[in-house]
Enquirer: 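First the structure, which I've put down as C-alpha cells, then a few questions once you've had a look.
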Amino acid sequence: MTDTAGTSETADRAEPGAGAEASAAVDAVAAFIELDGVEKVFDVRKKTGFLKRERRRVRAVDGLSFTVSRGEMVGYIGPNGAGKSTTIKMLTGILTPSGGRLRVAGIDPSRERTRLAHRIGVVFGQRTTLWWDLPLIDSYRLMHRMYRIPDARYRENLDRCVELLQLRDLLDVPVRQLSLGQRMRGDIAAALLHDPEVLYLDEPTIGLDVVSKAKVRGFLRDLNAERGTTVLLTTHDLQDIEQLCSRVMVIDHGRLMYDGPLAGLHEAGESERTLVVDLERELPPIEAPEPARVVRVEGPRQWLAFPASASAAGLVARIAAEYPLVDLSVREPDIESVIAKMYAERAGA
Ligand SMILES: Nc1ncnc2c1ncn2[C@@H]1O[C@H](COP(=O)(O)OP(=O)(O)OP(=O)(O)O)[C@@H](O)[C@H]1O
Ligand SMILES: [Mg+2]
C-alpha cells in the first residue's frame with residue numbers, strides 16, 4: 001500500500017495507512033453513508049384513452065436502511081428496476097426521498113446538493129457528464145473552474161488519471177468521437193478531478209471489452225487502496241464485484257435482500273459456474289464426479305455445472321484424462337441467476 005501523506009488534505013479523511021483498529025474506530029464514529037428507512041415513490045401518469053389518465057404509484061425504493069463506512073468498497077446489485085439507480089440519485093441529491101432519512105458525510109444530499117457535490121463523484125455508465133462536442137481536455141478545464149479546484153491539485157489529479165486510465169492520446173479528441181470504453185474512462189477521470197471522498201459508479205463497465213474492464217477495475221482498486229476513496233458500485237457483472245468488493249448489498253423491489261460478503265451470496269444462492277468443453281466428437285454425456293453434472297449437450301460440445309465455490313482444476317484434469325478434449329472455458333454465474341436461485345431457496349424453505 002502506498003503512503004498517502006501527500007494526498008490527504010482533508011483532515012477528516014480516513015488514513016488508509018493507519019492500522020485496522022484505528023480505521024475501525026473512525027468508521028464506528030462516522031458511518032459515511034447512512035440510510036434509515038429511505039423511500040422513493042414515483043407517481044406515474046399513464047394515458048389510457050382520450051382525456052383519460054391513470055395514476056400509478058411506483059415504490060422504487062421501499063424502506064431502505066444501511067450504512068457504509070469510510071474507505072469501504074461496496075457492490076450494489078440487483079435485477080433491472082430494483083431501485084439501484086434511484087438510490088444513487090438520492091445519494092447525489094438529484095432525487096429527493098419520499099420518506100426516511102439519508103446522510104452522506106453528514107450532509108442531507110437533496111437539501112445541500114451543491115455543498116455535497118464537492119465531496120462526491122458520480123459516473124453513470126449510461127450517460128456522460130462530458131461535453132459532447134468539446135475535446136476531452138476542455139471538459140476537464142471546465143470542471144477545474146466549476147469545482148474551483150486548486151491548480152496544483154487539478155494538475156496532479158489530471159496527470160494521474162491520464163496516466164492510469166491511458167487518456168493521453170484522447171485529450172484532444174471530441175467526446176462524441178470516443179468509443180464507449182474510451183468515453184467511460186474519460187468520465188471516470190472527470191468524476192475524480194476534484195478529489196471526491198466517495199465515488200458512486202452506476203454500471204461503469206457496461207459495454208466495455210475485457211481489456212478496458214481490467215483497466216478500469218485496476219484503477220478503482222488502486223484509488224480505493226491508496227486514497228481511501230469510498231466506492232459504491234452498481235453493476236450487472238459479477239466479476240466487477242468479485243475483483244473489487246469485499247461487501248455486497250443485493251436490492252430487489254427497493255428492499256435490501258442481502259448484505260454481506262460475496263461468498264455468502266454464492267452460498268445463499270448456491271450459485272454454479274459452468275464448464276464448457278469441446279470434445280473431438282459427439283459423445284454421451286460426460287460422467288463427471290459429483291456434484292458436477294452435465295446440463296446440456298450440443299454435438300461435441302457439453303456444458304457442466306459445478307458449485308461456484310469449487311475449483312475447476314480437478315474437474316478439468318479428470319475430464320482431460322478420460323475424454324478426447326479439444327477446448328474448454330469456464331463461465332461465471334451472472335448476478336441475476338444467483339439472485340434467482342436465492343429466491344428459489346427461500347421460497348422452498
Ligand atoms: N423518474 C421516474 N419516474 C417514474 N418511475 C421511475 C423513475 N425512475 C425510476 N422509476 C422506476 O423505479 C423503479 C426502479 O428504477 P431504477 O432505475 O432505480 O432501477 P435499477 O435498479 O437501476 O435498474 P437497472 O438495473 O435496469 O438499471 C423502476 O420500476 C423504474 O421504472
Ligand atoms: Mg440503473
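In listed order, ligands and their atoms are each counted from 1.
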Enquirer: Quick check on atom 2 (C) of ligand 1 - does any protein heavy atom sit closer than 4.0 Å to it?
Expert: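 Yes, there is one.
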Enquirer: Ion pair present between Asp237 and Lys213, side-chain N to carboxylate O less than 4.0 angstrom?
Expert: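 Salt bridge present between Asp237 and Lys213.
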Enquirer: Given 3.5 Å as the limit, does a donor-acceptor pair link the side chain of Gln182 with the main chain of Ser179, or not?
Expert: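 Yes; at least one donor-acceptor contact below 3.5 Å.
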Enquirer: Does Met73 reach the side chain of Leu220, with side-chain heavy atoms less than 4.5 Å apart?
Expert: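 Touching, per the 4.5 Å side-chain cut-off.
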Enquirer: Applying a 4.0 Å heavy-atom criterion (strictly less than), which segment of Asn80 is in contact with ligand 1: side chain, backbone, both, or neither?
Expert: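 Asn80 to ligand 1: contacts from backbone and side chain alike.
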Enquirer: Does NZ or CZ of Arg176 fall inside the cone over Trp132's six-membered ring, less than 6.0 Å from its centre and within 45° of the axis?
Expert: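 Not flagged: Arg176 not positioned over aromatic ring of Trp132.
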Enquirer: Within the structure, is a non-hydrogen atom of Gln126 found at a distance of less than 4.0 Å from ligand 1?
Expert: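 No, that is not the case, since the closest heavy atom of the residue is not under 4.0 Å from the ligand.
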Enquirer: Distance to 0.1 Å, residue and atom name: give those for the protein heavy atom nearest to atom 6 (C) of ligand 1.
Expert: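 Ranked first by proximity to atom 6 (C) of ligand 1 is Phe42 CD1, 3.3 Å.
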Enquirer: Under 4.0 Å, counting heavy atoms only: does Lys40 come that close to any atom of ligand 1?
Expert: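 No, that is not the case, since the closest heavy atom of the residue is not under 4.0 Å from the ligand.
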Enquirer: Would you list the protein N, O or S atoms within less than 2.8 Å of the Mg ion (ligand 2), leaving out water?
Expert: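 You should have found Ser85 OG.
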Enquirer: How about Glu112: does its CD atom have over 12 heavy atoms from other parts shown lying under 6.0 Å from it?
Expert: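 Check passes, neighbour count above 12.
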Enquirer: Can Asn224 and Thr229 be counted as having a side-chain donor-acceptor contact under 3.5 angstrom?
Expert: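 Thr229 and Asn224 do not have a side-chain donor-acceptor pair below 3.5 Å.
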Enquirer: For Asp278, what residues pass the salt bridge (charged side-chain N to carboxylate O under 4.0 Å, His left out) criterion, not counting sequence neighbours?
Expert: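 Checked Asp278 against salt bridge (charged side-chain N to carboxylate O under 4.0 Å, His left out); matches are Arg301.
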Enquirer: Please check if the side chain of Glu72 supplies one atom and the backbone of Ser69 the other of a donor-acceptor pair under 3.5 Å.
Expert: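 Here the side-chain-to-backbone pair exists.
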Enquirer: I need the atoms of ligand 1 closer than 4.0 Å to a non-hydrogen atom of His236, numbered in the order shown.
Expert: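 Near His236, meaning under 4.0 Å from one of its heavy atoms, ligand 1 has 25 (O).
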